[in-house]
Amino acid sequence: MQKSIGIGIENFKKVINENCYYVDKTKYIEDILKDKSEIKLFTRPRRFGKTLNMSTLKYFFDIHNKDENRKLFSGLDIEKSEYFSEQGKYPVIFISMKGIKTKNWEYCLYDLKGLIGDLYNEFEYIREVLNESELKTFDTIWLKKEGADYSNSIKDLTKFLYKYYKQEVILLIDEYDVPLIE
C-alpha cells in the first residue's frame, strides 16, 4: 500500500492506520519519562505538531484499549526503549480547547461546560466504583445539571479515575490558550 502525506491530520492513530508518512518522534516519550518533573509545558510555534505529539502521548500511555494502542508503536523508536514497558499503564484525560473560539465569556463558559460534560461521558463506565457522594458529583457534571461544580470537575475526574484504575492519571491539555486568545 502506498504511503500518503497526511496534511492536517493531528491524530496519531489516524496517521498510522491510514499509512501516512510519519516522522518518528516517539523518542521524546523516553525523554519525558527520564525527566521526573510532574508538570510539563510544551511550547512550539504554530503548525509544529504539538497536537499530533499530544495525541501520540495519549495513545502511548492510555490504559483503555492498551493492546490495540500498543500495535500503533510497532517499529517506532519507543518500541526499542526500556521505557516501552510504560505503554498502556495509565488512565489519560485528553482535552483540546481548540474549538472554544467564542467572543464573550458567557459563550466560552457554556462551551467549556460542554467540553467537560463530554469528557465525563467518555469515562461514564467508572461510575460503578463511585460511592453515593462521588456519583452525585459525577452525575451533576455528566448530565449538565444546575449547580454543577465545574471549577473542580477535572480534579474530581482525576480522583475518580485513580479510584477506578488504582493508577496515577495523566492529564493532557492541548490548545489551552485558545479561549484566552479569542
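What you see is a predicted model; the values in this text were computed from it and never measured.
For an aromatic pair to be called close, the ring centres must be under 6.0 Å apart, and Phe12 with Tyr22 satisfies this. In summary, the aromatic rings of Tyr165 and His64 are positioned with their centroids too far apart to meet the 6.0 Å limit.
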Practice item. Just do the side-chain contact (heavy atoms from CB on, under 4.5 Å) check on Ile5 and Cys20 with the steps written out, would you? Key: CA-CA 5 Å; Ile5 300 173; Cys20 297; over 6 Å; no
Review point. Is there a side-chain hydrogen bond (donor to acceptor under 3.5 Å, both in side chains) between Thr51 and Asp174 once you walk through the steps?
Key: CA-CA 7 Å; Thr51 299; Asp174 191 28; 2.6 Å; yes
Exercise for review: Test Val169 against Tyr90 for side-chain contact (heavy atoms from CB on, under 4.5 Å), laying out the working first.
Suggested key: CA-CA 6 Å; Val169 177; Tyr90 305 92; over 6 Å; no
Practice item. Could you walk me through whether Ile170 and Leu57 pass the side-chain contact (heavy atoms from CB on, under 4.5 Å) test, one step at a time? Key: CA-CA 9 Å; Ile170 294 175; Leu57 291 173; over 6 Å; no
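With a 4.5 Å cut-off on side-chain heavy atoms, Leu171 and Val92 do not count as touching. The shortest side-chain heavy-atom distance between Ile93 and Thr158 falls under the 4.5 Å cut-off. Counting heavy atoms from C-beta on, the side chains of Leu135 and Arg127 come closer than 4.5 Å. In this structure, the side chains of Leu72 and Asn17 come closer than 4.5 Å at one or more pairs of heavy atoms. Lys163 is listed as a side-chain neighbour of Asn131, based on a closest heavy-atom distance under 4.5 Å. Side-chain contact between Tyr150 and Ile141 is present, with heavy atoms from C-beta onward closer than 4.5 Å. Looking only at side-chain heavy atoms (C-beta outward), Asp111 and Thr102 come within less than 4.5 Å of each other. Between Asp62 and Asn69, some side-chain heavy-atom pair lies under the 4.5 Å cut-off.
Counting all heavy atoms, side chain and backbone alike, Glu168 lies closest to Pro91 at O-CD, 3.2 Å. Of all heavy-atom pairs between Lys36 and Leu33, the closest is NZ-O, 3.6 Å. Closest non-hydrogen pair, Phe94 versus Met54, comes out as CE1-CB, 3.6 Å. In this structure, Glu124 and Phe138 approach most closely via the heavy-atom pair CA-CZ, 3.8 Å. The two residues Glu134 and Leu130 have their closest heavy-atom pair at OE1-CA, 3.5 Å. For Asp77 against Thr26, the heavy-atom pair with the smallest separation is N-OG1, 3.4 Å.
The number of heavy-atom neighbours closer than 6.0 Å to CD of Glu128, taken from other residues, nucleotides and ligands shown, is above 12.
Phe73 and Phe60 have perpendicular rings, their planes meeting at more than 60° on a 0 to 90° scale where under 30° would count as parallel.
Of the possible polar contacts, one joining the Glu79 side chain to the Gly75 backbone as a donor-acceptor pair under 3.5 Å is found. The main-chain N or O of Lys155 is never found under 3.5 Å from a side-chain atom of Asn152 such that the two would form a donor-acceptor pair. Distance alone, capped at 3.5 Å, is enough to place a donor-acceptor pair between the Tyr28 side chain and the Asn53 backbone.
A salt bridge does not link Asp139 to Lys136: none of the charged side-chain nitrogens sits closer than 4.0 Å to a carboxylate oxygen. Checked for salt-bridge contact, Glu68 and Lys13 meet the test: a charged N lies under 4.0 Å from a carboxylate O. A salt bridge links Glu30 and Lys27; the closest N-O separation between the charged side-chain nitrogens and carboxylate oxygens is under 4.0 Å. By the 4.0 Å N-to-carboxylate-O rule, Lys50 lies too far from Glu10 to be salt-bridged with it.
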Would you give me the side-chain donor-acceptor pairs under 3.5 Å for residues 112-122, sequence neighbours excluded?
unit_1	atom_1	unit_2	atom_2	d
Tyr120	OH	Ser153	O	2.6
Asn121	OD1	Trp142	NE1	2.9

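Residues Leu143 and Tyr110 are members of separate hydrophobic clusters, defined by side-chain heavy-atom contacts under 4.5 angstrom among Ile, Leu, Val, Met, Phe, Trp and Tyr.
Remark: of the listed residues Glu82, Glu86, Lys80, Gln87, Gln87 is the sole one forming a side-chain contact (heavy atoms from CB on, under 4.5 Å) with Phe84.
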